[in-house]
Peer 1: 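My questions all concern the structure below.
Reminder, nothing fancy here: chain letters follow the sequence lines and each chain counts from 1.
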Number of protein chains: 2
Amino acid sequence: MQTETDSLFKELHELGLRLTPQRIAIVRYIFESQDHLTAQQIYEALKPQFPSLSLATVYNTLDLLMKLGKVNVLGHIGDDIVHYDSNTQPHVNLGCVKCKKIEDVPSELAGHMSDEISLASGYTLLGSRILYYGICKSCQLEQELFTQ
Amino acid sequence: MQTETDSLFKELHELGLRLTPQRIAIVRYIFESQDHLTAQQIYEALKPQFPSLSLATVYNTLDLLMKLGKVNVLGHIGDDIVHYDSNTQPHVNLGCVKCKKIEDVPSELAGHMSDEISLASGYTLLGSRILYYGICKSCQLEQELFTQ
DNA sequence: ATTACTGCAAAAGATTTGCACTAGG
DNA sequence: CCTAGTGCAAATCTTTTGCAGTAAT
């Protein structure tokens, strides 16, 4: 079976880019995790296997993947760190400002919206970043407990 | 006539917050400009009138307005600077990755989406940040000219 | 009078850069 | 081989912080 990462490796290769063990590991890690990772998180996760790995390489690779349209840049929610999203399909990210978690929400409308936008604006769309923020159910509960 | 900024000043006052000339100027500038400003831009724009103004105060005020839900934090597009948006109504921001401009796009769907999200997730929504990025019409044209 | 707010300068923290070295093709 | 990619450390740049002084209420 041809996985998403396999075809990405093929594509990198066809562009004349080198398949270094670091890139392979970083790409694998991003696509296998469904999280909205930061460069730091990726670095720390791979450090045990690649003691020599440098943060700069992680940033380089993320930048490369972004330019190829393989990851989306989510930006910050509350913290000041850029989060990357391996899910490039139009979808909604929902962040809790209290516990800082970010989850994906399936949205029918998100899919339609990009069509609407590109038609109305004449832009060639490269990607999107849809982030709603608020307080998640469990943090709401916690809040209620404290105010009683 | 009661303007948007006037009622905001009233609200600040009622919260026991002080109406300093700096805050008034910053708030005015953000709400009068329809742009997606950065702290630096606000600082530089007001510096001539307030030679003593400090960047820290701009950041403080932006942070305050954000916590009051009066401005949205847009995040970066390509550059690495946080842009703030005085338009807190659900709407779509469209950024050009070449010329870095960000414009607002009216979208019928954007209004419906927050209802869909909050219903599906159980979150108490505080705000949203919808950013599409791509290449604007004039940058597309420029690109075509270069490849001919 | 109080004390919230400001301005300054220093600090913190994320990301980028320059460069010599290494290794993928 | 050749040169793209890596790792390291220093540099850069945005944002935050601590604190003494200032001004809004």
Side-chain angles (χ1 to χ4, degrees), chain A residues 8-30 36-68 71 73-84 100, chain B residues 8-30 36-68 71 73-84 100:
Chain A
L8 174 50
F9 291 143
K10 208 173 132 196
E11 188 175 336
L12 288 173
H13 188 254
E14 278 159 6
L15 285 165
L17 299 166
R18 292 185 184 168
L19 285 180
T20 65
Q22 293 90 332
R23 279 188 179 164
I24 293 172
I26 293 168
V27 165
R28 284 243 167 80
Y29 189 71
I30 297 170
H36 301 76
L37 302 165
T38 66
Q40 195 66 238
Q41 286 172 333
I42 297 166
Y43 172 71
E44 277 162 20
L46 298 178
K47 194 74 180 168
Q49 305 160 54
F50 287 86
S52 78
L53 182 68
S54 126
L55 243 186
T57 298
V58 177
Y59 278 109
N60 280 341
T61 305
L62 285 168
D63 203 50
L64 179 70
L65 293 172
M66 193 192 67
K67 282 179 181 147
L68 292 172
V71 300
V73 183
L74 247 194
H76 335 148
I77 61 142
D79 54 13
D80 251 317
I81 314 165
V82 174
H83 293 255
Y84 296 84
K100 307 289 186 207
Chain B
L8 175 50
F9 291 142
K10 207 173 132 197
E11 189 175 333
L12 287 173
H13 188 253
E14 279 161 3
L15 287 165
L17 299 166
R18 292 184 183 170
L19 283 180
T20 65
Q22 293 90 330
R23 279 188 179 163
I24 293 171
I26 293 168
V27 165
R28 284 241 165 81
Y29 188 72
I30 297 170
H36 301 77
L37 302 165
T38 66
Q40 194 66 238
Q41 286 172 334
I42 297 166
Y43 173 70
E44 277 161 20
L46 298 177
K47 194 75 181 172
Q49 305 160 53
F50 288 86
S52 79
L53 180 66
S54 124
L55 243 186
T57 299
V58 177
Y59 278 108
N60 280 342
T61 306
L62 285 169
D63 202 51
L64 180 70
L65 293 172
M66 192 190 69
K67 282 178 180 148
L68 293 172
V71 299
V73 183
L74 246 194
H76 336 146
I77 60 140
D79 54 11
D80 252 317
I81 314 163
V82 174
H83 293 255
Y84 295 85
K100 309 288 187 209

Peer 1: With a cut-off of less than 4.0 Å, is there a side-chain N or O of A:Y59 near OP1 or OP2 of C:dT16?
Peer 2: no

Peer 1: Applying salt bridge (charged side-chain N to carboxylate O under 4.0 Å, His left out), which residue pairs with at least one partner in residues 49-63 of chain B are found, sequence neighbours left out?
Peer 2: B:D63-B:K67

Peer 1: Nearest 0.5 Å, what's the CG-CD distance between B:L53 and B:E44?
Peer 2: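 If we round to the nearest 0.5 Å, B:L53:CG and B:E44:CD are 11.0 Å apart.
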
Peer 1: If I take atom CG from residue A:L62 and atom CD1 from residue A:I30, how far apart are they, to the nearest 0.5 angstrom?
Peer 2: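 Separation between the atoms: 4.5 Å.
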
Peer 1: Check B:I42, B:L64, B:N60 against B:I26 for a side-chain contact (heavy atoms from CB on, under 4.5 Å) and give me the one that passes.
Peer 2: B:I42

Peer 1: Can you tell me which residue pairs pass the side chain to side chain donor-acceptor pair (under 3.5 Å) test with a partner in residues 12-22 of chain B, sequence neighbours excluded?
Peer 2: none

Peer 1: Does a side-chain heavy-atom distance below 4.5 Å link A:Y84 with A:V73?
Peer 2: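 Result yes, sub-4.5 Å side-chain heavy-atom pair found.
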
Peer 1: Would you kindly give the CG-to-P distance between B:L64 and D:dT16, to the nearest whole Å?
Peer 2: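 From B:L64 CG to D:dT16 P: 13 Å.
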
Peer 1: Does the side chain of B:L37 reach to within under 4.5 Å of the side chain of B:Y29, using non-hydrogen atoms?
Peer 2: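 With C-beta onward as the side chain, the pair touches.
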
Peer 1: Would you work out how much the helix from C:dA1-D:dT25 to C:dG25-D:dC1 bends between its ends, with each end axis defined by five base pairs, to 10 degrees?
Peer 2: 40°

Peer 1: Return the value, rounded to whole Å, for the distance between atom CD1 of A:I42 and atom P of C:dA14.
Peer 2: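 It works out to 14 Å between those atoms.
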
Peer 1: Is there a residue in residues 17-25 of chain B whose heavy atoms reach under 4.0 Å of DNA chain D, and which residues are they?
Peer 2: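 Going residue by residue through residues 17-25 of chain B, the ones with a heavy atom under 4.0 Å of DNA chain D turn out to be B:R18, B:L19, B:P21.
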
Peer 1: Closest heavy-atom contact between B:Q49 and B:A45?
Peer 2: NE2-O, 4.0 Å

Peer 1: To the nearest 0.5 Å, what is the distance between CG (B:L46) and OG1 (B:T57)?
Peer 2: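 Spacing of CG (B:L46) from OG1 (B:T57) equals 11.0 Å.
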
Peer 1: Identify, between A:G16 and B:H13, the residue whose nearest nucleotide on DNA chain D lies closer to the 5' end.
Peer 2: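 Closest to the 5' end, via its nearest nucleotide, is A:G16.
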
Peer 1: Could you tell me which residues satisfy side-chain hydrogen bond (donor to acceptor under 3.5 Å, both in side chains) with B:Y43, sequence neighbours excluded, listed by chain and number?
Peer 2: B:K47

Peer 1: Just to be sure I understand the geometry, which residues of residues 48-55 of chain A put a non-hydrogen atom under 4.0 Å away from DNA chain D?
Peer 2: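 By residue number: A:S52, A:L53, A:S54.
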
